[in-house]
Chemist: 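The structure under discussion is supplied below as structure tokens; questions concerning it will follow.
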4 protein chains.
Amino acid sequence: MNSRSSSVALIGETGRRNEAPILNAALVAFGEEGFNGASMREVAKRAGTSLSNLYNYFPSKAHLLAELLRRANDELLDRTSRAVERIGDGPAARLREAVKAYVEFVVDHQLAALVAISEVRYLQGENRDQVVRARDRTQAIFDEIVAEGAASGLFATPYPQDAARNIVTMCSAISTWYHDTGRLSREDLAQQHAHYALALVETRPGH
Amino acid sequence: MNSRSSSVALIGETGRRNEAPILNAALVAFGEEGFNGASMREVAKRAGTSLSNLYNYFPSKAHLLAELLRRANDELLDRTSRAVERIGDGPAARLREAVKAYVEFVVDHQLAALVAISEVRYLQGENRDQVVRARDRTQAIFDEIVAEGAASGLFATPYPQDAARNIVTMCSAISTWYHDTGRLSREDLAQQHAHYALALVETRPGH
Amino acid sequence: MNSRSSSVALIGETGRRNEAPILNAALVAFGEEGFNGASMREVAKRAGTSLSNLYNYFPSKAHLLAELLRRANDELLDRTSRAVERIGDGPAARLREAVKAYVEFVVDHQLAALVAISEVRYLQGENRDQVVRARDRTQAIFDEIVAEGAASGLFATPYPQDAARNIVTMCSAISTWYHDTGRLSREDLAQQHAHYALALVETRPGH
Amino acid sequence: MNSRSSSVALIGETGRRNEAPILNAALVAFGEEGFNGASMREVAKRAGTSLSNLYNYFPSKAHLLAELLRRANDELLDRTSRAVERIGDGPAARLREAVKAYVEFVVDHQLAALVAISEVRYLQGENRDQVVRARDRTQAIFDEIVAEGAASGLFATPYPQDAARNIVTMCSAISTWYHDTGRLSREDLAQQHAHYALALVETRPGH
DNA sequence: TATGAATGAGAGTTCATTCAT
DNA sequence: TATGAATGAACTCTCATTCAT
């Protein structure tokens with residue numbers, strides 16, 4: 001495990017011996033085959049335990065997915081909100097930092113980010129609500145920054161309402177194509193998307 | 001059926017009595033529950049035919065999905081390429097028209113667009129290749145326009161390489177949140193996203 | 001199949017090829033191992049078909065049990081009510097015929113009778129209600145006869161209220177111990193229990 | 001706990017701290033869901049202990065059931081035999097007392113009585129034999145009394161052989177319908193069934 | 001073309017039981 | 001004595017697919 005992914009562990013050790021292996025196994029399985037395409041048997045095999053033992057940790061497959069998404073979205077929200085807190089002043093700087101935090105999360109936890117966007121649909125009830133709530137709060141951070149910048153005249157976009165959504169869309173979509181062996185480093189990617197975000201809201205150079 | 005969705009029918013009548021109902025049923029089923037979450041029984045029920053009759057039309061569930069995605073991507077490619085053909089001159093105008101065509105496709109065939117992005121992963125082999133090829137050709141249209149605009153100095157973005165991908169990402173993501181009862185009309189949406197695209201590539205006003 | 005059990009077939013041929021074999025297999029399985037002790041695999045094996053094919057006939061194990069009990073109780077109610085209809089006059093004669101009809105049902109369909117009393121508890125909801133309703137209507141036939149006899153003074157028992165229940169209890173309990181190879185024939189048994197019933201309600205000889 | 005059920009405790013304190021709670025939990029679980037329908041987990045939960053701790057007290061689920069039934073049948077046999085011992089003379093008086101003792105047992109330990117009749121079938125081997133032996137000895141008490149009364153001419157029934165079985169059947173069936181909030185008290189019920197028993201064997205008033 | 005019956009594989013989940021502590 | 005973790009077998013039920021008609 002490199003310094004990146006351990007910087008803030010998404011799935012760290014808990015009191016229960018097999019919890020982390022199971023969650024990681026589920027992450028890979030759901031990521032590769034989708035929630036309905038992956039079987040609990042496969043998760044167990046990957047986790048190096050028995051099928052029935054899975055149920056000592058999570059009461060159902062749906063709960064397993066829920067826990068995964070809960071952790072991913074909580075971590076993303078945490079990183080993003082802490083990033084904008086650090087930078088107090090100016091919508092441009094804050095937007096830049098928020099985007100960088102988001103992108104770095106996606107790079108650090110690419111599979112979790114991918115699963116988080118593609119498998120939420122299979123959650124239901126309270127599990128779903130909880131995850132959606134965290135996701136909405138993350139989105140709201142971007143909404144507010146863009147609204148603030150638009151109000152102050154710094155962001156010239158005539159459509160500030162939907163720009164923030166597109167910024168988040170671009171960032172999370174990274175999880176669908178990024179390969180860490182590729183041309184772009186984590187920092188390049190963060191830098192680049194911060195730039196895209198400011199371009200999208202049409203930041204005025206002179207401001 | 002209104003003029004929009006029938007303008008170019010994604011799933012039109014063919015010589016085979018139940019083909020269109022089956023494809024439409026599969027579209028809804030896969031859209032609502034995902035490829036692996038939907039069953040052939042459910043597709044049959046929605047299509048108003050028997051389970052076994054499905055196999056008179058499509059040799060397998062995978063072929064059914066493939067046909068669906070093939071039609072969606074072909075239509076999207078067709079619309080987009082025709083849009084840029086009509087407008088011969090200028091990267092800005094061509095980008096604008098390409099985006100509008102893409103967005104209009106997503107609005108006209110929202111469910112198909114959604115299924116096309118979320119369920120490709122369940123295709124394999126030649127079926128997958130064919131679909132990916134059509135998708136890449138659509139993407140290439142945007143790539144070329146942006147490259148051309150960047151080369152001519154019209155698009156000032158320092159990262160022209162990835163900007164086109166983000167444009168397509170923004171357009172296709174519309175399928176995940178759009179509701180035709182919402183605030184934005186089809187034309188608004190097209191207009192808005194054309195604007196976003198030009199902002200993203202940092203079009204120079206003076207050019 | 002001898003003339004007795006075919007006199008009125010509990011599980012006869014229907015339009016569906018495997019329905020009767022499945023029901024009979026379930027009857028034996030549930031009878032031998034109890035509802036929860038018997039598995040659907042076992043039922044399938046006994047019926048000479050595949051496990052999954054069971055579900056083409058009955059939507060669940062519970063429905064299978066329900067159908068079994070529904071048929072048994074309906075047939076019992078039918079036999080008993082027809083027996084008392086034939087004999088219009090006199091509580092003594094009517095009680096005698098009702099008991100004989102009941103006993104003959106138990107002998108003719110011993111296993112079904114046994115399952116009907118021992119496995120109703122595993123039914124729930126409407127399935128259960130329906131079966132209980134039929135059972136109550138059968139009991140009511142005896143209740144009415146005893147009440148009538150008590151009212152007329154023919155039956156001297158000071159506890160007419162509960163006597164009818166005990167009569168039915170004695171008859172149905174036959175299913176728990178009877179062996180058709182035993183000392184008592186079907187007719188002996190019917191005769192004997194009719195006698196017991198009249199003794200229990202303390203029929204006055206002179207009446 | 002009232003004087004009735006503690007008069008002779010079916011499941012009393014032993015040297016082992018959790019034995020009584022486990023037995024009581026099993027009694028309720030088996031009573032409500034049947035032997036195969038109840039799980040060891042459920043028994044543990046009801047007993048307020050852990051699943052694995054159950055096996056410190058009973059080597060298997062079957063042994064747990066066996067112990068339950070052994071206690072119930074022993075207590076029933078004990079009560080019944082002591083009842084007839086107290087009353088030395090006369091088949092009528094002895095039958096009356098035997099029935100009353102049986103009925104009182106059923107009322108005092110209704111759930112145990114119910115489980116004893118409905119779940120014996122799931123016992124096997126020596127466990128089963130032991131329980132059946134106790135049950136047969138209880139039945140034999142009634143058999144002997146009826147035989148004696150028939151021999152002396154006091155009981156006029158032409159079918160003395162099976163009458164005793166029906167008497168026991170009626171008594172034990174009480175466990176299937178009795179509610180202690182109902183119309184009949186424990187003493188009423190005992191009295192009533194003693195009366196039914198004497199009627200069933202056709203006791204001659206003059207004798 | 002259309003159907004209902006049939007099938008083997010596999011799904012998620014629970015079971016009684018054992019093990020390590 | 002007591003526990004939580006672990007296991008392999010078995011459960012009910014559903015799956016995509018095929019067959020006979």
Side-chain angles (χ1 to χ4, degrees), chain A residues 15-19 22 35-44 47-65, chain B residues 15-19 22 35-44 47-65, chain C residues 15-19 22 35-44 47-65, chain D residues 15-19 22 35-44 47-65:
Chain A
R16 316 185 71 196
R17 208 172 93 54
N18 266 327
E19 192 169 37
I22 291 173
F35 178 68
N36 281 312
S39 73
M40 289 296 267
R41 275 173 176 80
E42 190 190 334
V43 172
T49 187
S50 70
L51 169 60
S52 45
N53 197 30
L54 259 44
Y55 291 86
N56 287 325
Y57 291 83
F58 302 96
S60 74
K61 193 186 183 188
H63 280 86
L64 185 45
L65 176 63
Chain B
R16 315 182 74 196
R17 204 169 91 63
N18 270 325
E19 192 170 36
I22 291 173
F35 177 68
N36 279 311
S39 72
M40 290 295 268
R41 270 179 173 82
E42 191 190 333
V43 172
T49 185
S50 71
L51 169 60
S52 38
N53 197 30
L54 258 44
Y55 290 85
N56 286 323
Y57 291 83
F58 303 95
S60 74
K61 192 187 182 189
H63 281 86
L64 186 43
L65 176 63
Chain C
R16 316 185 71 197
R17 207 174 92 56
N18 267 327
E19 192 169 37
I22 290 172
F35 178 68
N36 280 312
S39 74
M40 290 296 266
R41 267 178 179 81
E42 191 190 332
V43 172
T49 185
S50 69
L51 169 61
S52 45
N53 197 31
L54 258 44
Y55 291 86
N56 287 326
Y57 290 83
F58 302 95
S60 73
K61 193 185 182 190
H63 279 86
L64 184 45
L65 175 63
Chain D
R16 315 183 74 196
R17 203 170 94 61
N18 268 325
E19 192 168 36
I22 290 173
F35 178 68
N36 280 312
S39 72
M40 290 295 266
R41 268 179 174 81
E42 191 189 334
V43 172
T49 185
S50 71
L51 171 59
S52 39
N53 197 30
L54 259 44
Y55 290 85
N56 286 323
Y57 290 83
F58 302 95
S60 76
K61 192 186 182 189
H63 281 86
L64 186 44
L65 176 63

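By convention in this document, chain letters (A, B, ...) are assigned in the order of the sequence lines, proteins followed by strands, and residues within each chain are numbered from 1.
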Chemist: Quick one: A/Ile22 CD1 to F/dA5 C1', roughly how many Å, whole number?
Modeler: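 Taking atom C1' of F/dA5 as the reference, CD1 of A/Ile22 is at 10 Å.
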Chemist: Does the side chain of B/His63 reach to within under 4.5 Å of the side chain of B/Tyr55, using non-hydrogen atoms?
Modeler: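 Of all side-chain heavy-atom pairs linking B/Tyr55 with B/His63, none is under 4.5 Å.
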Chemist: Look at all strands and tell whether A/Ala38 reaches a base, only sugar-phosphate, or nothing, counting heavy atoms closer than 4.0 Å.
Modeler: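 Contact class for A/Ala38: sugar-phosphate only.
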Chemist: To the nearest 0.5 Å, tell me how far A/Leu54 CG sits from A/Lys61 NZ.
Modeler: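 Between A/Leu54 CG and A/Lys61 NZ, I get 11.0 Å after rounding to 0.5 Å.
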Chemist: Taking the side chain of C/Ser39 as heavy atoms from C-beta outward, which of E/dT7, F/dT7, F/dT12 is closest to it?
Modeler: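 When the side chain of C/Ser39 is considered, F/dT12 is the closest of E/dT7, F/dT7, F/dT12.
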Chemist: Between C/Arg17 (CZ) and F/dC19 (P), how many Å, whole number?
Modeler: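 Atom CZ in C/Arg17 sits about 17 Å away from atom P in F/dC19.
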Chemist: Start at the 5' end of DNA chain E and walk down; is the nucleotide closest to D/Ala62 or to C/Ser52 reached first?
Modeler: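 Nearer the 5' end of the strand: C/Ser52.
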Chemist: When you measure from the side chain of A/Met40, which nucleotide among E/dT17, F/dG4, E/dG12 comes out closest?
Modeler: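 Among E/dT17, F/dG4, E/dG12, the one nearest the side chain of A/Met40 is E/dG12.
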Chemist: Measuring from A/Asn18:CG to A/Ser50:OG, what's the distance to the nearest 0.5 Å?
Modeler: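 Those atoms lie 9.0 Å apart.
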Chemist: Return whichever of C/Gly37 or B/Phe35 has its heavy-atom-nearest nucleotide of DNA chain F closer to the 5' end.
Modeler: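 It is C/Gly37, whose closest nucleotide lies nearer the 5' terminus.
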Chemist: Can you tell me the pairing partner of F/dC15 across any strand shown, Watson-Crick or G-U wobble, with both distances under 3.5 angstrom?
Modeler: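 Across any shown strand, F/dC15 pairs with E/dG8.
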Chemist: Would you tell me if any nitrogen or oxygen in the side chain of A/Asn18 comes within less than 4.0 Å of OP1 or OP2 on F/dA6?
Modeler: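 A/Asn18 to F/dA6 OP1/OP2: side-chain N or O found under 4.0 Å.
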Chemist: With a 3.5 angstrom cut-off on both distances, give the Watson-Crick or G-U wobble partner of F/dA20, or none if there isn't one.
Modeler: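 Pair assignment: F/dA20 / E/dT3.
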Chemist: For B/Leu51, which contact category applies under a 4.0 Å heavy-atom criterion: base, sugar-phosphate, or nothing?
Modeler: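 Since a base atom lies under 4.0 Å of B/Leu51, the category is base.
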Chemist: Quick check: do C/Met40 and C/Leu64 have side-chain heavy atoms less than 4.5 Å from each other?
Modeler: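 Yes; the side chains approach each other to less than 4.5 Å.
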Chemist: Could you grab the distance from atom CG of D/Asn53 to atom CZ of D/Arg17, nearest 0.5 Å is fine?
Modeler: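 It is 8.5 Å, given to the nearest 0.5 Å.
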Chemist: Side-chain donor or acceptor of C/Asn56 under 3.5 Å from a matching atom on the base of E/dA5?
Modeler: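 Side chain to base: no pair below 3.5 Å.
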Chemist: Can you tell me the distance, in whole Å, between the CG atom of A/Asn36 and the C1' atom of F/dA16?
Modeler: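 Between C1' of F/dA16 and CG of A/Asn36: 15 Å.
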Chemist: The side chain of C/Lys61 lies closest to which of these nucleotides: E/dA2, F/dT12, F/dA6?
Modeler: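 Shortest atom-to-atom distance from the side chain points to F/dT12.
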Chemist: Which is true for D/Arg41 with a 4.0 Å heavy-atom rule: it touches a base, it touches only sugar-phosphate, or it touches nothing?
Modeler: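 Base, at least one base atom sits under 4.0 Å.
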Chemist: Expressed in angstrom and rounded to an integer, what is the separation of B/Tyr57 atom OH from F/dA16 atom P?
Modeler: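 Taking atom P of F/dA16 as the reference, OH of B/Tyr57 is at 20 Å.
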Chemist: Roughly, in whole Å, what's the span from CD in B/Glu42 to P in F/dC15?
Modeler: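 Spelled out: CD on B/Glu42 to P on F/dC15 is 8 Å.
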Chemist: Look at all strands and tell whether A/Ala44 reaches a base, only sugar-phosphate, or nothing, counting heavy atoms closer than 4.0 Å.
Modeler: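 A/Ala44: no heavy atom of the nucleic acid under 4.0 Å.
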Chemist: Could you check C/Ser50 against D/Pro59 and say which one's nearest nucleotide on DNA chain E is further toward the 5' end?
Modeler: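 Per heavy-atom nearest nucleotide, the more 5' residue is C/Ser50.
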Chemist: For C/Arg16, answer base if it contacts any base atom (sugar-phosphate contacts may also be present), sugar-phosphate if it contacts only those atoms, and nothing otherwise; contact means non-hydrogen atoms under 4.0 Å.
Modeler: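 The residue C/Arg16 makes sugar-phosphate contact but no base contact.
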Chemist: Sub-3.5 Å donor-acceptor pair from the side chain of A/Tyr57 to the main-chain atoms of A/Ile22, do we have one?
Modeler: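 Absent.
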Chemist: I want to verify a distance call: between E/dA11, E/dA16, F/dA2, whose nearest atom is closest to the D/Tyr55 side chain?
Modeler: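 Closest nucleotide among those given: E/dA16.
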Chemist: Could you give the CG-to-C1' distance, from B/Leu54 to E/dT1, as a whole number of Å?
Modeler: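 Value for this atom pair: 13 Å.
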Chemist: Among the candidates E/dA2, F/dT12, E/dA6, find the nucleotide nearest to the side-chain atoms of C/Asn53.
Modeler: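 Out of E/dA2, F/dT12, E/dA6, the nucleotide with an atom closest to C/Asn53's side chain is E/dA6.
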Chemist: With respect to the phosphate group of F/dT3, does any side-chain polar atom (N or O) of D/Thr49 fall under 4.0 Å of OP1 or OP2?
Modeler: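 For F/dT3, OP1/OP2 do have a side-chain N/O of D/Thr49 under 4.0 Å.
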Chemist: CD of A/Glu19 versus C1' of F/dG4: gap in Å, rounded?
Modeler: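 For the pair A/Glu19 CD and F/dG4 C1', the rounded distance is 14 Å.
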Chemist: How close or far is atom C1' of F/dT17 from atom NE2 of B/His63, stated in whole angstroms?
Modeler: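 Taking NE2 of B/His63 and C1' of F/dT17, I get 14 Å after rounding.
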